[in-house]
Amino acid sequence: MNEVRTMNIVLTLWLSLFLAQSASSVHMTIILETVYMDGEVSEEIKEETVTSMKDIWNKYKDWHLVNMDDEQIVFQRYVDDLSPLTKAGYFGLTKDGTLSIFEGKPGESSRVIQSFFQIDVKKLESHEREKLEKGISVRSKRNYKRVIEAYEPFGK
């Protein structure tokens, strides 16, 4: 943690000196990365005129500095929730029997967003297998955890 604090201080001093030597303001790209619990990362890119590092730190006080140079500043934050992509997905089985989340319902979309573990399909009751073939909507963090826990005992 001390390394991060030291890096932030050095980068702040560096950019402050840069701003002091240049005109009263500098045009910079601000990149905001949101990291979700499921590993997905979303990125928002903003163009801003920076007149003071104090203003930047205040504006993005809930974010952590990741990188900075004379053209861009990268901030990041962690969100203890599923990404919108995962929440819109469906649990199902791949052809090899791996419990996965698909971008659409299994069968309609072959794009796998996230994979977990192989399931011994022979151990599943027929209605459980049918649910996975049709797709189980992820919708929420709670449902995500519930479905994974329900099928863990059937893992190979």
Side-chain angles (χ1 to χ4, degrees), residues 1-15 28-48 50 53 55-156:
M1 196 65 162
N2 284 338
E3 286 181 31
V4 172
R5 178 176 280 145
T6 301
M7 184 179 88
N8 285 346
I9 292 170
V10 169
L11 291 172
T12 301
L13 289 171
W14 178 83
L15 193 58
M28 298 193 78
T29 301
I30 308 293
I31 301 173
L32 304 173
E33 296 177 346
T34 302
V35 180
Y36 295 91
M37 67 171 278
D38 56 1
E40 290 291 323
V41 179
S42 69
E43 188 175 89
E44 181 182 354
I45 300 173
K46 297 179 169 196
E47 300 297 325
E48 292 194 24
V50 178
M53 280 312 295
D55 292 343
I56 289 293
W57 296 137
N58 285 335
K59 186 171 184 178
Y60 299 106
K61 64 183 173 203
D62 296 331
W63 296 77
H64 301 285
L65 178 67
V66 175
N67 197 4
M68 182 167 62
D69 60 31
D70 58 344
E71 295 177 6
Q72 72 179 21
I73 302 173
V74 181
F75 289 106
Q76 194 175 74
R77 71 175 174 179
Y78 176 78
V79 176
D80 187 26
D81 198 3
L82 299 173
S83 66
L85 177 66
T86 300
K87 282 183 179 180
Y90 289 82
F91 281 100
L93 295 175
T94 60
K95 289 180 183 177
D96 70 352
T98 301
L99 179 65
S100 301
I101 296 176
F102 294 83
E103 191 169 9
K105 288 189 175 187
E108 294 177 14
S109 170
S110 59
R111 183 166 181 269
V112 173
I113 298 170
Q114 192 173 10
S115 294
F116 300 96
F117 45 83
Q118 271 194 310
I119 289 181
D120 187 348
V121 181
K122 295 173 195 160
K123 291 183 180 177
L124 289 176
E125 294 183 25
S126 60
H127 74 279
E128 290 295 329
R129 188 172 37 248
E130 287 173 17
K131 282 170 48 176
L132 286 170
E133 287 170 1
K134 290 180 182 177
I136 301 169
S137 180
V138 176
R139 291 187 316 263
S140 68
K141 178 179 165 182
R142 181 175 172 235
N143 199 48
Y144 173 89
K145 289 181 176 182
R146 186 187 60 76
V147 171
I148 293 168
E149 288 169 4
Y151 288 100
E152 270 180 333
F154 301 103
K156 288 185 177 181

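The shown structure was predicted, so the numbers you read here are calculated from the model rather than taken from an experiment.
- In this pair, F75 and W57 present their aromatic rings perpendicular. The plane angle is above 60°, beyond the 30 to 60° band.
- Between the side chain of S100 and the main chain of T98, a donor-acceptor pair closer than 3.5 Å is present.
- Closest non-hydrogen pair, D80 versus K141, comes out as OD2-NZ, 3.0 Å.
- Annotation: E43, atom CD; neighbour count of heavy atoms from other residues, nucleotides and ligands within 6.0 Å is above 12.
- Between E103 and I113 the shortest heavy-atom distance is CA-CD1, 3.6 Å.
- Panel note: side chain R129, backbone V121; a donor-acceptor pair is recorded below 3.5 Å.
- Looking at E33, its side chain never comes within 3.5 Å of a backbone N or O of V74 through a donor-acceptor pair.
- A salt bridge does not link R146 with E149: none of the charged nitrogens is closer than 4.0 Å to a carboxylate oxygen.
- Here the closest non-hydrogen pair linking Y144 and F91 is O-CZ, 3.7 Å.
- Closest approach of F117 and G155 over heavy atoms only: CD1-CA, 4.0 Å.
- Taking the six-membered ring for Trp and thresholds of 30 and 60 degrees, W63 and Y60 have ring planes more than 60 degrees apart, a perpendicular arrangement.
- In summary, of the residues considered (I45, I73, N67, V66), a side-chain contact (heavy atoms from CB on, under 4.5 Å) with I31 occurs for I45 alone.
- The nearest pair of heavy atoms linking S83 to E40 is OG-CG, 3.3 Å.
- Of all non-hydrogen atoms in K123 and F154, the two that sit nearest each other are O-CE2, 3.5 Å.
- Between the side chain of N143 and the main chain of S137, a donor-acceptor pair closer than 3.5 Å is present.
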